[in-house]
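These numbers come from the heavy atoms of this one structure, side chains and all, not from hydrogens, waters or symmetry mates. Throughout, protein chains are lettered first and strands after them, A, B, ... in sequence-line order, and every chain is numbered starting at 1.
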There are 2 protein chains.
Amino acid sequence: MPGYDKYAHEPFAVTVDLAVLTLRAGGLHVLLVERGQEPYAGRWALPGGFVLPDESAETAARRELAEETGLKDVSGLHLEQLRTYSEPDRDPRMRVVSVAFAALLPDAPEPTGGGDAAQARWLPYDDAKPLAFDHDRILADAHDRVGAKLEYTCLATAFCPTEFTLGELQQVYETVWGTGLDRPNFRRKVLATPGFVEPVPRGARLTGGRGKPAALYRAGAATALHPPLLRPPREGRSA
Amino acid sequence: MPGYDKYAHEPFAVTVDLAVLTLRAGGLHVLLVERGQEPYAGRWALPGGFVLPDESAETAARRELAEETGLKDVSGLHLEQLRTYSEPDRDPRMRVVSVAFAALLPDAPEPTGGGDAAQARWLPYDDAKPLAFDHDRILADAHDRVGAKLEYTCLATAFCPTEFTLGELQQVYETVWGTGLDRPNFRRKVLATPGFVEPVPRGARLTGGRGKPAALYRAGAATALHPPLLRPPREGRSA
DNA sequence: CTTTTTATAGTCGTGGTGACTATTAAGAGG
DNA sequence: CCTCTTAATAGTCACCACGACTATAAAAAG
């Protein structure tokens with residue numbers, strides 16, 4: 001593409017769409033906004049917005065994340081670019097190219113619609129469909145990506161607060177994957193992976209619940225998981 | 001982002017950039033074009049171009065791939081969206097948002113600059129840097145992605161012709177990863193993975209070379225690798 | 001016909017992991 | 001106070017995938 005001077009291109013609108021995921025009451029939840037106008041009026045949609053002239057898509061995504069969640073500090077949150085959706089007819093009004101992101105939140109404060117969001121709410125992942133535009137696909141892609149990255153990265157701690165128990169960490173895997181895991185084996189695997197989690201110095205334990213209090217851990221320095229923590233293979237596969 | 005009607009956004013140019021990879025003489029090669037104008041005049045760059053008004057980024061990428069390589073049929077080639085690069089200053093002339101793709105080719109015909117490419121050539125991966133714009137990073141990201149996907153997908157066959165030997169398939173892994181692999185173990189692993197490769201019906205063998213002729217295989221129906229084929233861990237890691 | 005080269009077959013030991021049992025430490029309820 | 005329940009933690013055992021290695025087969029080269 002040697003010459004930019006002789007092109008004739010239409011203007012594209014560039015937006016970001018966010019699949020903000022969190023764990024609430026043991027279930028996967030998504031941050032959604034209700035659309036006010038056509039098209040898809042009254043339908044839920046992923047939060048998002050235009051990329052401003054002096055922003056990168058990542059910057060715009062983090063700005064939107066702060067606006068929609070109402071959180072003061074979103075700098076520590078895990079934000080990951082998924083892919084870009086550019087079908088010409090994905091928005092009936094105009095040509096919109098959208099860069100999609102997945103964001104992972106530890107706790108789930110009810111969104112205090114600080115931005116231009118009409119109405120933002122957490123909805124259970126399974127109740128989300130059908131969403132506006134191609135957001136069903138974006139959300140499904142986000143789920144797939146997160147589920148896959150749990151296998152070979154330390155991403156799971158992004159769903160947990162700064163201090164957490166191994167039981168909470170295991171619930172992240174079980175909720176995202178939709179499978180049950182053996183507790184002793186999960187524990188053995190996590191502790192055997194250097195840098196995945198590190199114990200809280202003082203022998204702090206989480207009390208208050210029933211049963212033996214659990215030890216608290218923090219996220220470690222490692223980012224990758226070698227060897228990976230593979231999800232149990234689906235039943236009904238042919239050999 | 002409730003209202004599109006009240007926005008004021010600048011026009012963005014949306015382009016695709018392609019990291020076209022192939023294996024030539026046992027080495028990883030990249031398809032590059034030489035820039036004629038400023039900026040970066042005389043430097044090598046990844047092929048790419050504008051997304052047309054009625055195209056998706058994927059369609060534009062495949063069109064550019066056909067134009068730059070001069071290949072008749074690019075429909076069977078593996079094309080994978082990497083990520084989108086949107087730093088405001090990545091092109092000094094204007095605001096350009098680029099969707100990057102990685103393309104994998106089996107053989108390497110010298111490009112017959114059919115498109116608007118000034119001069120297109122295969123260059124060894126290691127000799128590519130420095131490229132124009134942020135293409136060094138895009139190329140490195142493409143390499144990382146391909147290397148990672150070799151571990152848990154059947155992507156390696158995308159580098160091979162329709163019929164290939166296990167030795168050729170192993171060379172894909174060794175070249176991309178930059179490591180040596182034990183031949184019997186690699187063979188055992190590939191054959192033990194159902195759907196990765198399937199033997200060519202007639203006991204066809206590749207003759208002509210020195211040594212015992214190798215059996216020929218085709219790519220199987222499987223797309224994922226369970227369990228994965230992990231690359232040997234780098235030496236010098238702390239326990 | 002020997003040497004070289006490469007593909008293919010097989011062996012052995014280890015470590016990661018699934019499945020499982022046992023123990024410990026808290027709260028709940030009588 | 002004692003027992004039941006609940007959940008975390010500790011430990012065992014067998015299997016199997018994989019790394020390391022040796023052996024054999026089938027071609028070309030000398």
Side-chain angles (χ1 to χ4, degrees), chain A residues 26 150-152 160 163-174 177 179-200 203-217 222 224-235 237 239, chain B residues 26 150-152 160 163-174 177 179-200 203-217 222 224-235 237 239:
Chain A
L150 287 188
E151 290 194 326
Y152 55 95
C160 298
E163 296 191 347
F164 53 88
T165 70
L166 293 185
E168 294 174 308
L169 189 67
Q170 182 176 348
Q171 275 218 354
V172 173
Y173 280 88
E174 294 181 331
W177 286 350
T179 65
L181 296 175
D182 181 82
R183 198 183 287 265
N185 290 341
F186 178 83
R187 170 188 192 76
R188 187 217 304 163
K189 171 69 182 176
V190 170
L191 294 181
T193 303
F196 193 177
V197 298
E198 51 188 23
V200 166
R205 292 170 172 276
L206 184 69
T207 175
R210 288 214 290 260
K212 181 173 175 177
L216 289 173
Y217 294 86
L225 234 54
H226 278 295
L229 204 167
L230 298 178
R231 77 184 94 183
R234 286 245 163 266
E235 305 298 332
R237 269 297 183 87
Chain B
L150 287 188
E151 290 192 327
Y152 55 96
C160 297
E163 296 192 347
F164 52 88
T165 68
L166 292 185
E168 292 174 309
L169 190 66
Q170 181 175 349
Q171 275 218 354
V172 173
Y173 280 88
E174 292 180 332
W177 286 350
T179 65
L181 296 175
D182 181 82
R183 197 183 285 266
N185 290 340
F186 178 83
R187 170 187 192 78
R188 184 218 299 160
K189 172 68 182 174
V190 170
L191 295 181
T193 302
F196 192 177
V197 299
E198 52 186 22
V200 167
R205 293 172 169 273
L206 184 71
T207 175
R210 289 214 290 261
K212 181 174 176 177
L216 289 174
Y217 295 85
L225 236 55
H226 277 297
L229 204 166
L230 298 178
R231 78 184 92 183
R234 285 246 163 264
E235 307 298 332
R237 270 294 183 89

How long is the line joining [atom1] of [X] and [atom2] of [N], in whole Å?
X	N	atom1	atom2	value
Gln171(B)	dT6(C)	CD	C1'	12 Å
Arg188(B)	dC12(C)	CZ	P	13 Å
His226(A)	dC18(D)	NE2	C1'	16 Å
Lys212(B)	dA23(D)	NZ	P	17 Å
Gln170(B)	dC18(D)	CD	C1'	15 Å
Asn185(A)	dT21(C)	CG	P	13 Å
Leu181(B)	dA7(C)	CG	C1'	16 Å
Asp182(B)	dT11(C)	CG	C1'	13 Å

Can you check whether Leu150(B)'s main-chain N or O pairs, donor with acceptor, with Tyr173(B)'s side chain at less than 3.5 Å?
yes
Is a side-chain donor or acceptor of Gln171(A) paired with a backbone partner of Gly26(A) at a separation under 3.5 angstrom?
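Pair absent, no side-chain N/O of Gln171(A) close to backbone of Gly26(A).
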Heavy atoms only, 4.0 Å cut-off, all strands: where does Pro184(A) land among base, sugar-phosphate and nothing?
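Contact class for Pro184(A): base.
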For [N], does OP1 or OP2 lie under 4.0 Å from any side-chain N or O of [X]?
X	N	value
Arg183(B)	dA7(C)	yes
Arg187(B)	dA9(C)	yes
Lys189(B)	dC18(D)	yes

Hey, are the side chains of Leu169(A) and Phe196(A) touching, using non-hydrogen atoms and a 4.5 Å cut-off?
yes
Report yes if the side chains of Glu151(A) and Trp177(A) come closer than 4.5 Å at any heavy-atom pair, otherwise no.
yes
